[in-house]
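Data first, discussion second: the structure below is written as structure tokens.
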Amino acid sequence: MAGSVVSNKHAGLVVNVSGLGGVRLIQAIASNPETAIYQTDHPGVIVKLFDLGCEKVGEIGYGPFMSFQAELANFEEIIHLESLRDFVPAYFGANIDYEAKYAFIAMEYLEGQNLRHWAEEAAATGYDPEALDNLRRATHEVLAILDSFHRHGLIMIDFKPDNVIRLSNGNVKLVDLGAFFTPRHRANVASFLYTATPDHAEVLIDASNLQAGVAPTVASDVFSAGVALFEMATGKTRLALSAATADEMLAMPEIYRFRDTQITDLWRAFPHLKKDMPLVHTQLVERNLLFSEAWHLLKAYLASKMSDWESLPPEQRDEILLSTGTTFILEQLPPALGWLAPAIARATTFRSIRVRDLRELIILLGNPAPDHVLSDVAEHCLLLRHLRNLGIEPDFAARLNTWEARLDRVSGHWAISAPLVARELGDNARFVFLRHDHADQDGHTYWIVVDETEASQVERTAVTIARLAKDHKSWLC
């Protein structure tokens with residue numbers, strides 16, 4: 001939400017937050033024309049302030065008011081879902097002052113970096129093995145968290161690296177909750193306040209569907225995740241074209257004329273998009289393509305260059321399109337991140353051949369654990385037996401990545417990451433009890449599944465897998 005100039009218009013304002021009392025706004029750390037995020041005189045608390053100023057006497061700004069209402073409702077919905085509340089900032093309170101024309105939401109201040117900045121630091125190190133493994137793990141964790149939201153019927157719509165904060169302990173949280181499409185919106189889809197940006201979303205598809213009363217699906221977030229992966233790797237949200245290729249396409253208006261007509265129609269309905277949603281012709285002139293337009297353009301280009309295109313079976317056309325698009329993306333990635341190309345392609349391509357959900361995307365991004373590790377886990381891990389006894393099939397154990405399994409030198413067998421299992425089990429993680437067994441010299445702890453009466457106690461509460469959901473040094477035997 002950063003702007004080129006940070007506004008301190010409301011610095012010094014004192015807002016009343018239930019349980020905290022008066023909270024003074026000290027300094028804006030980010031702003032745009034309608035909102036600003038302020039540091040406050042309460043450590044660990046920030047305030048997102050919505051400027052409701054309006055030129056008309058006695059009225060408030062409709063746009064920022066609706067944004068406030070949407071974000072507040074989303075916050076209140078998410079924090080009541082126990083398995084999701086730890087993935088967003090803690091919520092302290094909110095209010096609106098109609099006379100002074102502002103509204104605010106007080107929330108937890110997250111100490112950490114957004115995923116884009118963190119990826120830039122990894123690039124600065126030359127992608128050493130440890131940094132690369134950490135980047136893989138963080139990417140998996142972010143997408144797994146987003147998948148958890150999907151399982152509760154929540155679609156983020158405008159997912160981007162700037163909306164993910166990686167904390168100093170390695171955990172990640174999602175911020176900027178205003179764009180979420182939640183179960184409460186399904187009763188009246190047309191009233192949903194759509195705020196996605198063209199660089200990160202398929203605006204033509206989403207806007208058309210919403211106008212027709214068709215609810216967004218996980219396909220929207222899968223697309224945004226693909227663009228986010230590209231942005232993490234390159235710092236850009238658009239695909240670059242060589243001058244020769246761009247000029248060749250510009251000389252073939254038949255391959256982009258229809259899309260430009262659709263974009264022009266969108267401008268009529270949403271004039272504010274004209275700047276951020278340029279015509280394909282303009283994108284070619286600028287040598288930068290929105291992901292939402294790249295695949296349409298590429299398909300039309302291939303069809304014009306291959307005389308037998310229409311006679312090929314649909315599966316073969318899809319294969320050629322995906323292969324060509326993947327190569328095009330690969331050429332723009334740093335060599336150390338070439339493994340991202342197939343996932344970016346399968347996430348951003350046409351919905352008919354896109355990965356179905358984030359779980360499929362996560363598998364494409366994996367660095368699978370060796371077969372001997374998977375075999376050992378399958379044969380010796382007591383956790384898996386316990387889950388099957390509960391009627392839960394632990395499919396995740398067959399697709400562990402290198403960072404999700406650790407050799408327990410005491411038993412000689414491999415243990416599974418507790419945060420991974422907690423995410424996979426969702427609400428069920430609160431009912432699987434654990435006993436601390438031992439720790440290794442690196443501070444990693446190992447736990448065994450037991451009955452509740454045998455579980456280890458922390459603050460007089462039996463330890464469950466859910467309690468270890470954010471402890472990346474805890475392992476389940």
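If you read the sequence from its start, that first residue is 1, and numbering goes on from there.
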query: Looking at side-chain heavy atoms only, is the closest gap between Leu425 and Arg430 below 4.5 Å?
result: no

- Item | Residues Arg166, Glu141: salt bridge by 4.0 Å N-O rule | no

Review point. Is it true that a side-chain atom of Asn8 and a backbone atom of Ala28 form a donor plus acceptor pair closer than 3.5 Å?
Key: yes

Determine the interplanar angle of the Phe149 and Phe87 rings, folded into 0 to 90°, and report it as parallel if under 30°, tilted if 30 to 60°, perpendicular if over 60°.
-> tilted

For Trp447 and His436 the tightest heavy-atom approach is CE3-N, 3.3 Å

Item to complete: Would you mind reporting whether Ile329 and Leu239 have side-chain heavy atoms less than 4.5 Å apart?
Response: yes

Q: Look at Glu360 together with Arg354 and state whether they make a salt bridge at an N to O cut-off of under 4.0 Å.
A: no

The residue among Lys473, Arg406, Arg409 that forms salt bridge (Lys or Arg N to Asp or Glu O under 4.0 Å) with Asp442 is Arg406

So, does His413 use its side chain to make a donor-acceptor pair with the main chain of Leu407 at under 3.5 Å?
no

Taking the inter-plane angle between the rings of Phe104 and Tyr102 on a 0 to 90° scale, is it parallel (under 30°), tilted (30 to 60°) or perpendicular (over 60°)?
tilted

Nearest heavy-atom contact between Pro278 and Gln283 is O-NE2, 2.9 Å

Margin query: Applying side-chain contact (heavy atoms from CB on, under 4.5 Å) to Glu286 and Thr282, what does each step give before you reach the verdict?
Written below: CA-CA 6 Å; Glu286 295 175 349; Thr282 303; 3.6 Å; yes

The reported gap from CZ in Arg151 to CG in Leu358 (rounded to nearest 0.5 angstrom) is 10.5 Å

Exercise for the section: Return yes if some donor-acceptor pair links the side-chain N/O of Ser375 with the main-chain N/O of Asp371 below 3.5 Å, else return no. Expected result: yes

Exactly one of Phe192, Phe181, Tyr194 clears side chain to side chain contact (heavy atoms under 4.5 Å, CB included) with Asp206, and that residue is Tyr194

I'd like to know if the side chain of Thr35 and the backbone of Ser31 have a donor-acceptor N/O pair within less than 3.5 Å. no

Next item on the list: Without swapping roles, check the side chain of Glu404 against the backbone of Asn401 for a donor-acceptor pair under 3.5 Å.
Entry: yes

Q.
What verdict does the side-chain contact (heavy atoms from CB on, under 4.5 Å) test give for Val449 and Val432, after you've listed the backbone C-alpha separation in whole Å, the side-chain angles of each residue and the deciding distance to 0.1 Å?
A. CA-CA 7 Å; Val449 178; Val432 182; 4.0 Å; yes

Query raised in the report: Quick check: does any side chain N or O of Thr125 sit under 3.5 Å from a backbone N or O of Ala122, one acting as donor and the other as acceptor?
Result: yes

Checking Asn209, Leu210, Asp221 against Pro216 for side chain to side chain contact (heavy atoms under 4.5 Å, CB included), the one that qualifies is Leu210

Notebook entry, point to check: Are the side chain of Asp440 and the backbone of Gly443 linked by a donor-acceptor contact shorter than 3.5 Å?
Noted result: yes

Query - Donor + acceptor pair across side chains of His200, Thr197 (<3.5 Å) - result: yes

Here the ring pair (Phe, Tyr, Trp, His ring centres under 6.0 Å) pairs for residues 332-364, sequence neighbours left out, are His296-Phe350

Below 4.5 Å, heavy atoms only, C-beta onward: do Val47 and Ile37 meet side chain to side chain?
no

Scanning both residues in full, the closest heavy-atom pair of Ala233 with Tyr127 reads O-OH, 4.2 Å

CA sep, side-chain torsions, deciding dist, call: Leu135, Trp118, side-chain contact (heavy atoms from CB on, under 4.5 Å)
CA-CA 9 Å; Leu135 185 61; Trp118 187 62; 3.7 Å; yes

Quick one, Ile416 and Leu384 - any side-chain contact, counting heavy atoms below 4.5 Å? yes

Does one side chain, of Thr348 or Trp295, offer a donor that lies under 3.5 Å from an acceptor on the other? yes

Note, Val280 side chain near Ile263 side chain (heavy atom, < 4.5 Å): yes

**Message:** When you compare the side chain of Leu365 with that of Arg136, does any pair of heavy atoms fall below 4.5 Å?
**Reply:** no

Closest heavy-atom pair, Val373 versus Ala405, reported as atoms and distance to 0.1 Å, is CG1-CB, 3.9 Å

_Regarding Lys9 and Asp51, does a basic nitrogen lie under 4.0 Å from an acidic carboxylate oxygen?_
yes

Open item on the list: A side-chain contact here means heavy atoms from C-beta on lying under 4.5 Å apart; do Phe328 and Gln332 qualify?
Closed with: yes

* To do: Answer with yes or no whether the side chains of His150 and Asp357 bring together a donor and an acceptor at under 3.5 Å.
  => no

With side chain to side chain donor-acceptor pair (under 3.5 Å) as the test, would you mind laying out the steps for Ser242 and Thr245 before giving the verdict?
-> CA-CA 5 Å; Ser242 68; Thr245 301; 2.9 Å; yes

Worksheet entry | Ionic contact status for Glu231 with Arg238, cut-off 4.0 Å | no

Do any side-chain atoms of residues 105-115 form donor-acceptor pairs under 3.5 angstrom with protein atoms, and if so which ones, sequence neighbours left out?
from, atom 1, to, atom 2, distance (Å)
Glu108, OE1, Ala90, N, 2.9
Glu108, OE1, Lys173, NZ, 3.2
Gln113, NE2, Glu121, OE2, 2.9
Asn114, OD1, Arg116, N, 3.1
Asn114, OD1, His117, N, 2.8
Asn114, ND2, His117, ND1, 3.4

**Q.** Donor-acceptor contact below 3.5 Å, side chain Glu82 vs main chain Asp427
**A.** no

Taking the six-membered ring for Trp, are Phe75 and Tyr91 parallel (under 30°), tilted (30 to 60°) or perpendicular (over 60°)? tilted

Between Trp414 and His380, is the ring pair (Phe, Tyr, Trp, His ring centres under 6.0 Å) condition met? List the steps. CA-CA 8 Å; Trp414 291 79; His380 298 286; over 10 Å; no

Is there a side-chain contact (heavy atoms from CB on, under 4.5 Å) between Leu383 and Cys477 once you walk through the steps? CA-CA 6 Å; Leu383 168 72; Cys477 302; over 6 Å; no

Quick test of your reading of the model: are Asp158 and Lys160 salt-bridged, counting only N-O distances below 4.0 Å? yes

Tell me if a side-chain donor or acceptor on Thr234 pairs with a main-chain N or O of Phe230 at a distance below 3.5 Å.
yes

In short, side-chain hydrogen bond (donor to acceptor under 3.5 Å, both in side chains) pairs touching residues 69-79 with sequence neighbours left out are Lys48-Glu71, Asn74-Arg184, Glu77-Thr182, Glu77-Arg184

Q. Would Ser323 and Thr326 count as having a side-chain donor-acceptor pair, cut-off 3.5 Å?
A. no

Under 4.5 Å between any side-chain heavy atoms of Phe180 and Ile78, yes or no? yes

Taking every heavy atom of Ala179 against every heavy atom of Thr195, the minimum-distance pair comes out as CB-OG1, 3.5 Å

What one should report as the nearest heavy-atom pair of Pro198 and Leu290 is O-CD2, 3.7 Å

Just by modelled atom types, is the Gly63 backbone N or O under 3.5 Å from a matching donor or acceptor in the Ser67 side chain? yes

